Colleague: 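Here it is, the structure, as structure tokens.
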Amino acid sequence: MKTLLLFSMVLFCTFSTSASEPLLQNTYHRKGITLNGRWHYIVDMYETGYYNYRWQPHGGSENPGAGAFFLNKKPADKMELVEYDFDASPTLRVPGDWNSQKENLFFYEGTLWYKKSFNIPGYDSGKRYFIHFGAVNYRADVYVNGKKLGMHKGGFTPFNFEMTNVVQAKNNFVIVRVDNKRAADEVPTLNTDWWNYGGITRDVTIYELSSTYIEDYSLQMDPQNAEQLVGYIRLSGMQRAQSKVTVSIPELSVEKEFITNDSGFVSFVFSEDNIVPWSDLNPKLYEVIIKTNTDKLSDKIGFRQITTRGADILLNGKNIFLKGICLHEENAMRGGRAYSIEDAKMLLGWAQELGCNFVRLAHYPHNEHMVRLADEMGMLVWEENPVYWTIQWDNPGTYLKAEMQLKELISRDKNRASVIIWSMANETPQSDDRFKFLSNLVKTARQLDSTRLLSAALEDHGKKDNRNVMVVEDKFADVVDILSFNQYYGWYGGDIENIKNIRWEIEMEKPIIISEFGAGAMQGYHADSLTRWSEEFQDLLYRETLPILARIPQLRGISPWILADFRSPRRMLIPYQNGWNRKGLISETGNRKKAFYTLKKFYKNLDFGH
Ligand code: GCB
């Protein structure tokens, strides 16, 4: 009963804090019309398509005037002046960042307009139509048939707009103004150690839904009772009140009926004692079908519990050690952002080859293919909000941007069994404002999802009176479930030959994850192991670091930095970096470095009674 009450409170909070356009759920299992493909684009460094020469929006929003690119205007006759033409402009592939597609856009940060025409086969005026973006980096202003649908900020989370009232069967066009300029008050902020890939970086899809549809749902194993499933369903539309919804799990012969309340919402708990729990060793997924009078969807959901007890992380009540690796959402071999299921297979396949059961998806939400594939593969996942380094902690607007991205991430992935940790931030400098900022994020995350663990990548440092003793002095560690920290002894400060003499002094009885360590190496560059940038140096750092980490009593996981080399504007040293952060265990050409095999062996031999 207590659980039920708690869960209903959680659900109420979810309901009351959601964004104005709730995220469509389970988009990869709904039938959609893809808008992927070639889109025309116009580079607009000076925002000419939006502002006139007095830097006023063209004609105001009521009467936008010919200069506004989102109108997709064509000259009415040979006299009329229209100074843009999407259809005569070149094209970019969507999904895909612009930087890796056109040489002259490689370093571009600014505004670029995209346009695509579309029809809606089988258009039905009784249905509702939505346009869904997997992600656009960073700001997207979306217009359909010349009407603004809305604006979204945040480069790594999905969003959608309803366009029922502006679309027709044929001859529609969508125009998106994308702006990836960095700004101090945004999330992430000005300074990151990764490439600021701009553009419509993930899938774009149109969904046709019935006038009352299943807007949101959650189904999870009760964190306190493995023989109980808890969940909720929320409908959107005129017929949402007092409506019958059916949840079935055919493999378990489950078929339950519920009636929504006047707001179209119902939460429930039911017993089921035959559930095979999802785990890394047996990633069991069940087909779950949710049906109403007007809508039906099916998802594949795994049920598991993830908790901590003292320093242990328990997966379905059993101790687990997280053999991890960090990764960026990048397909270095093709160049640019990763976005497809094929990219996900390559990246998670590499992690699996390394012997990992855990990936840290750094430093922002990766695309949904990654977590869905992780669900199937039995790869445990750490997902991260892009609160990185030096966010404006005292700016309430910045906080809302961070919170919104966290909410969108949780909304998208709450039904993914593989996701066990939400990470609030990475390497953030300590202050009272930062503590408040991050603690508020934690509150939000716990309200939205009480079934997962929370963490953040913190920092360690050497003790003043004994540099060989490392400590983590950060009161935010009290707030999270797992104490995670990045440590770079032997690369940034600290002598690689002294690694063997260092140790950590941490009293806290919480699980510890070393969320990063690593060293840069240019694949194919061989020298003695004390020569920086050589594969041997990186390998030595792994050989020295792994055994001393293993001595930390509360250590329950590591995720070294990083699976593959990735592009970073901060890494320009010639000939070693050349625009790449070289801490990858795999090069941008797909070749494994020596340390790859060292870590692989460490994981193979790791005996953690699992
Ligand atoms: C870190 C950051 C990561 C960087 C890495 C490095 O601590 O979390 O984003 O890329 O160090 O290579 O310096």
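Nothing here was measured: the structure is a model prediction, and the numbers come from that model. First listed ligand is number 1; within each ligand, the first listed atom is number 1. The residues of the chain are indexed from 1 along the displayed sequence.
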Colleague: When you check the gap from the basic side-chain N to the acidic O, do E516 and R360 get nearer than 4.0 Å?
Modeller: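 Yes, E516 and R360 are salt-bridged.
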Colleague: Tell me which protein heavy atom sits closest to atom 2 (C) of ligand 1, plus the residue, atom name and distance to 0.1 Å.
Modeller: E516 OE1, 3.3 Å
Colleague: List ligand 1 atoms under 4.0 Å from Y492, heavy atoms only on the residue side.
Modeller: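 In order of number, 6 (C), 12 (O), 13 (O).
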Colleague: Determine yes or no for a side-chain-to-main-chain donor-acceptor pair under 3.5 angstrom, with N99 supplying the side chain and G198 the backbone.
Modeller: yes
Colleague: Below 4.0 Å, non-hydrogen atoms only: which portion of W491 touches ligand 1? Side chain, backbone, both or neither.
Modeller: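 None of W491 does.
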Colleague: Using a strict cut-off of less than 4.0 Å between a Lys/Arg side-chain nitrogen and an Asp/Glu carboxylate oxygen, indicate whether D312 and R556 qualify as a salt bridge.
Modeller: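 So D312 pairs with R556 through a salt bridge.
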Colleague: Which residue and atom name correspond to the protein heavy atom nearest atom 12 (O) of ligand 1, and how close is it?
Modeller: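 I find the closest protein heavy atom is K583 NZ, 2.5 Å.
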Colleague: In terms of atom number and element, which parts of ligand 1 are under 4.0 angstrom from non-hydrogen atoms of Y388?
Modeller: 2 (C), 3 (C), 4 (C), 9 (O)
Colleague: One thing to verify: whether R304 and D280 come together as a salt bridge, which I'm taking to mean a side-chain N less than 4.0 angstrom from a carboxylate O.
Modeller: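 Between R304 and D280 there is no salt bridge, as every charged N stays at least 4.0 Å from the carboxylate O atoms.
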Colleague: With a 4.0 Å heavy-atom cut-off (strictly under), which part of W194 contacts ligand 1: side chain, backbone, both or neither?
Modeller: neither
Colleague: Tell me which protein heavy atom sits closest to atom 7 (O) of ligand 1, plus the residue, atom name and distance to 0.1 Å.
Modeller: E427 OE2, 2.2 Å
Colleague: For H363, take its heavy atoms, then give the atoms of ligand 1 lying under 4.0 Å from any of them.
Modeller: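 Atoms satisfying the 4.0 Å criterion: 3 (C), 8 (O), 9 (O).
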Colleague: Give the numbers and elements of all ligand 1 atoms closer than 4.0 Å to a heavy atom of N426.
Modeller: 2 (C), 8 (O)
Colleague: R570 near ligand 1, heavy-atom distance under 4.0 Å?
Modeller: no
Colleague: Does even one non-hydrogen atom of Y488 get within less than 4.0 Å of ligand 1?
Modeller: yes
Colleague: Could you tell me which atoms of ligand 1, counted from 1 in the order shown, lie closer than 4.0 angstrom to a heavy atom of F566?
Modeller: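 Answer for ligand 1: 10 (O).
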Colleague: Would you say the side chain of W580 lies within less than 4.5 Å of the side chain of R571, judging by non-hydrogen atoms?
Modeller: no
Colleague: Give the intermediate values and the outcome of salt bridge (Lys or Arg N to Asp or Glu O under 4.0 Å) for residues R452 and E383.
Modeller: CA-CA 11 Å; R452 290 180 174 79; E383 291 208 274; over 6 Å; no
Colleague: Hey, which atoms in ligand 1 end up nearer than 4.0 Å to a heavy atom of N486?
Modeller: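 Going through ligand 1 atom by atom, the ones under 4.0 Å from N486 are 7 (O), 8 (O).
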Colleague: Do you know which of R334, R567, R582 makes side chain to side chain donor-acceptor pair (under 3.5 Å) with E588?
Modeller: R582
Colleague: Pick from F566, W195, F156: which one makes a ring-ring contact (aromatic ring centres under 6.0 Å, His included) with H328?
Modeller: F566
Colleague: How far is atom 4 (C) of ligand 1 from the closest protein heavy atom, and which atom is that?
Modeller: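 Looking only at protein heavy atoms, the one closest to atom 4 (C) of ligand 1 is D193 OD2, 3.2 Å.
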Colleague: Verify whether one side chain among D449 and W422 offers a donor that lies under 3.5 Å from an acceptor in the other.
Modeller: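 The criterion, which ignores hydrogens and geometry beyond distance, is satisfied for W422 and D449.
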Colleague: Run the numbers for me: atoms of ligand 1, each under 4.0 Å from some heavy atom of N581, listed by number.
Modeller: 6 (C), 10 (O), 12 (O)
Colleague: Would you check if the side chain of T201 reaches a backbone N or O of G96 as a donor-acceptor pair within less than 3.5 Å?
Modeller: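 No, the answer is negative, given that no donor and acceptor are paired below the 3.5 Å cut-off.
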Colleague: With heavy-atom distances below 4.0 Å as the criterion, list the atoms of ligand 1 near R571.
Modeller: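 Selected atoms, number and element: 6 (C), 12 (O), 13 (O).
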